[in-house]
Amino acid sequence: MTDEELLKNVNDSTLNATRHQHEALSSILHQNGTVRYLQPHLPHHNAPLDAATFRRAVPLSTYDDYADVITQMAETSLDHQQPLLSVDPLLCFFYSSGTSSPRPKLIPYFDSKLSKAASYIAHQGSSAILRRLFPPRPSVNKILWLIYADDVTTTRGGVKVMAASTYPLQSGNASWSQFSFVVSPREVILGSNVEHQMYCHLLCGIRNCDLLDAIRAPYAVGLIKVFSLLESKWEQLCRNLEDGFPSLEISDSAMRDSVIEVLGGPQVDLAKRVRAVCEGNNWGGIVSKLWPNVRYVRCVTTGSMQQYYPKLKYYAGEIPLLGGDYFASECCVGINLDIMQPPDKTRFVLLPTAAYFEFLPFDMNEAEATGRETVDISGVEVGKMYEVVVTTYRGFYRYHLGDVVRVVGFYNLSPLVEFVMRAPKGPGEIITERDLMSAMQSFQLMFENVTATEITEFASFLDMELSPKQLKVFVEAREGSSLMQEESVVALRRCYSSLEDGLGGIYKVQRDRGEAGPLILSVVKPGSFDRLSQVAIANGASAGQYKPPKIIRNREVVHFLEGFTVVTIS
């Protein structure tokens, strides 16, 4: 399809949103209505089923409802007369990008023609929007794309497991010609050491500085790490340019050889140029200083990534920061029609052909949406918040996606939504991700005004085993900060109440009632959250899709961070 045809297809689907939703559900049930998961709820499924009957018959579900079935699929060779979740062949499992626990979930990826068709429109429609804003330039056509193929593992039953972003790179029919615009060679993308890959991505990007049209990464945190690496390693990068080969710490021979080929011998003049830019240690607007032809930087900056936006904007300077789309491991949800907007104004139009969507009314004061009825795409109201529920072409039925969105309007007849937060996981939780981020924003402003110390990461954990339950917040400051000095600890105590006061109404009520104990604030050593990411990646999380946790729900993660704690205040 041409770009015009793609965008017309997207537009037409939103004009007939309700009809496309009914057709999506009908197609899903026609294809998968006889699978074992659905049979207890639809035992006599042999005729078209309307949406209302489907919602009455099939209960809402979470990942836990599929865990045993997924384990069975992963650990045994599949030879069932009746398919478990989908009649389509199982191609692999995707790791979820969730990071509240050290091990990601497994999302089955079935070879569904219906899903492929829906995903094609979503991804290609998004690309068409980008090309409309930034038409391709033949002479400046390279992208510094921070992608990592990650390791591919195999389950006991012989099924491959990988990140969703890895599939185009690691599937048997992967075509590397489609990545010819990426400035880094294949061997860097396929490397096994994330830190070394990141360094080589950066080195290749600098070598081809005049050919770069854009810089991209899945999430904002990935770009922050790259620019931080540039700050700390620019002198070493310059020496590598002068030598014509990467540092000896890059031990992967295939990666080294491929980067040496990209460098094309000693680049003395380029090294001088880079050194002149970097030696002043002024990193504001570094993108255009090093890459004069770059037209945009693109990554996801909404949700938990919003905290990194100001820092990323500092590095980008006048270069536009483009937002991402609303794609989940389970299915595509929506696309961003106005990618130039900052995260607080980012809106996604839901794609009526991507899945069957339901919306569970959500009340911030109750922090959970149990016991309520869902509405469909035609029943949402502007200004209200909902938890997203999906029935997908690939084996999830009335599934809590885990996101809370606010409806902000309509594009034709399809809802426009903004991402609010990750949904609370169950009763007993007293803060949301949004509460924590809002409280930390105020806390950082106050603390940094007092000490000029930049806080780079944070996360929280609600300890339900204590009586009363108690919230713990971990914060990490930038390397070389004065946070460990006595005056900074005094400042922490002065700012402590501002953090606790900002944690939301539910937390305040439970603190006042004595149902929650005083907040525990722990400062961890610089680099602790990076070490946590290394552990998560070693356990299967995707290097490209990794998101530092904000709400921790696993004690292994808590124990890990407690091992790096240097100051605790309560």
Side-chain angles (χ1 to χ4, degrees), residues 1-10 120-147 165 168-169 174-186 188-189 198 200-220 222-223 226-227 230 237 241 258-259 261-264 267 269-271 273-274 276-277 284-301 312-313 315-325 335-342 346 544:
M1 291 187 187
T2 65
D3 285 356
E4 290 74 19
E5 290 171 331
L6 284 164
L7 295 175
K8 184 178 184 303
N9 192 306
V10 171
Y120 175 84
I121 295 299
H123 286 91
Q124 293 304 313
S126 174
S127 297
I129 292 169
L130 178 63
R131 287 190 292 268
R132 186 172 59 182
L133 288 171
F134 299 96
R137 296 183 295 178
S139 60
V140 183
N141 58 2
K142 294 292 185 179
I143 293 179
L144 174 55
W145 201 338
L146 284 304
I147 51 176
S165 58
L169 308 169
S175 173
W176 282 92
S177 61
Q178 63 182 312
F179 297 98
S180 60
F181 60 87
V182 179
V183 73
S184 303
R186 172 181 177 175
V188 171
I189 297 170
M198 190 183 303
C200 288
H201 272 309
L202 187 54
L203 186 56
C204 292
I206 293 174
R207 171 61 184 91
N208 291 278
C209 56
D210 293 328
L211 299 178
L212 283 198
D213 183 52
I215 300 174
R216 296 187 66 169
Y219 294 112
L223 288 180
V226 167
F227 289 124
L230 175 63
L237 288 161
L241 291 170
S258 69
V259 173
E261 185 174 344
V262 170
L263 291 177
Q267 303 295 325
D269 290 342
L270 178 58
R273 175 177 159 187
V274 174
V277 169
I286 190 63
V287 170
S288 58
K289 294 174 186 176
L290 279 184
W291 297 284
N293 293 315
V294 162
R295 290 187 290 176
Y296 64 88
V297 175
R298 189 172 195 188
C299 60
V300 171
T301 55
L312 195 54
K313 188 63 181 168
Y315 288 126
E318 297 300 316
I319 302 299
L321 288 183
L322 308 187
D325 296 298
I335 60 174
N336 184 353
L337 295 180
D338 192 357
I339 55 179
M340 300 289 284
Q341 292 292 341
T346 297

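Counting heavy atoms from C-beta outward, L230 and L290 have side chains that approach closer than 4.5 Å. Side-chain contact check for Y315 versus L321: every heavy-atom pair is 4.5 Å or farther apart. Side chains of L241 and I206 form a contact here, defined as non-hydrogen atoms less than 4.5 Å apart. Contact check for L312 versus C299: side-chain heavy atoms found under the 4.5 Å cut-off. Residues V188 and V259 form a side-chain contact, since some pair of their non-hydrogen atoms from C-beta on lies under 4.5 Å apart. Using a 4.5 Å heavy-atom cutoff, the side chains of P320 and M340 are in contact. Side-chain contact check for L203 versus L263: some heavy-atom pair is nearer than 4.5 Å. At least one side-chain heavy atom of H201 sits less than 4.5 Å from a side-chain heavy atom of I189.
Residues forming a salt bridge (charged side-chain N to carboxylate O under 4.0 Å, His left out) with R207 (at least two apart in sequence, or on another chain): none. For S126, the side-chain hydrogen bond (donor to acceptor under 3.5 Å, both in side chains) partners are D325, not counting sequence neighbours. Here R132 pairs with nothing under the salt bridge (charged side-chain N to carboxylate O under 4.0 Å, His left out) rule; sequence neighbours left out. Partners of S139 according to the side-chain contact (heavy atoms from CB on, under 4.5 Å) rule, which considers only residues two or more places apart in sequence or in another chain, do not exist here. Partners of T346 by side-chain hydrogen bond (donor to acceptor under 3.5 Å, both in side chains), not counting sequence neighbours: none found. Listed by chain and number, the residues in a salt bridge (charged side-chain N to carboxylate O under 4.0 Å, His left out) with R216 amount to none (sequence neighbours excluded). Partners of A214 by side-chain contact (heavy atoms from CB on, under 4.5 Å), not counting sequence neighbours, listed by chain and number: I143, Y296. Judged as a salt bridge (charged side-chain N to carboxylate O under 4.0 Å, His left out), and not counting sequence neighbours, the contacts of D210 are R273. Checked against side-chain hydrogen bond (donor to acceptor under 3.5 Å, both in side chains), N9 has no partners two or more places apart in sequence or in another chain. Shown here are the side-chain contact (heavy atoms from CB on, under 4.5 Å) partners of E261, two or more places apart in sequence or in another chain: there are none. Listed by chain and residue number, R137, R295 satisfy the side-chain hydrogen bond (donor to acceptor under 3.5 Å, both in side chains) test with D213 (two or more places apart in sequence, or in another chain). Residues forming a side-chain contact (heavy atoms from CB on, under 4.5 Å) with V294 (at least two apart in sequence, or on another chain): L212, I215, V287, W291, I319.
Remark: side-chain polar atoms of K289 are paired, donor with acceptor, to backbone N or O of G284 under 3.5 angstrom. At distances below 3.5 Å, at least one donor-acceptor pair connects side-chain atoms of K142 with backbone N or O atoms of S180.
Here I129 contributes atom CD1 and L322 contributes atom CG; the two are 11.5 Å apart, rounded to the nearest 0.5 Å. In this structure, the separation between CG on L211 and CG on N293 is 8.0 Å, given to the nearest 0.5 Å. Rounded to the nearest 0.5 Å, atoms OG (S184) and CD1 (I147) are 8.0 Å apart. From C209, atom SG reaches atom CG of L144 across 11.5 Å, with rounding to the nearest 0.5 Å. For the atom pair CG (L223) and CG (L146), the distance works out to 5.5 Å, reported to the nearest 0.5 Å.
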Walk me through whether V274 and L270 qualify under side-chain contact (heavy atoms from CB on, under 4.5 Å).
CA-CA 6 Å; V274 174; L270 178 58; 4.1 Å; yes
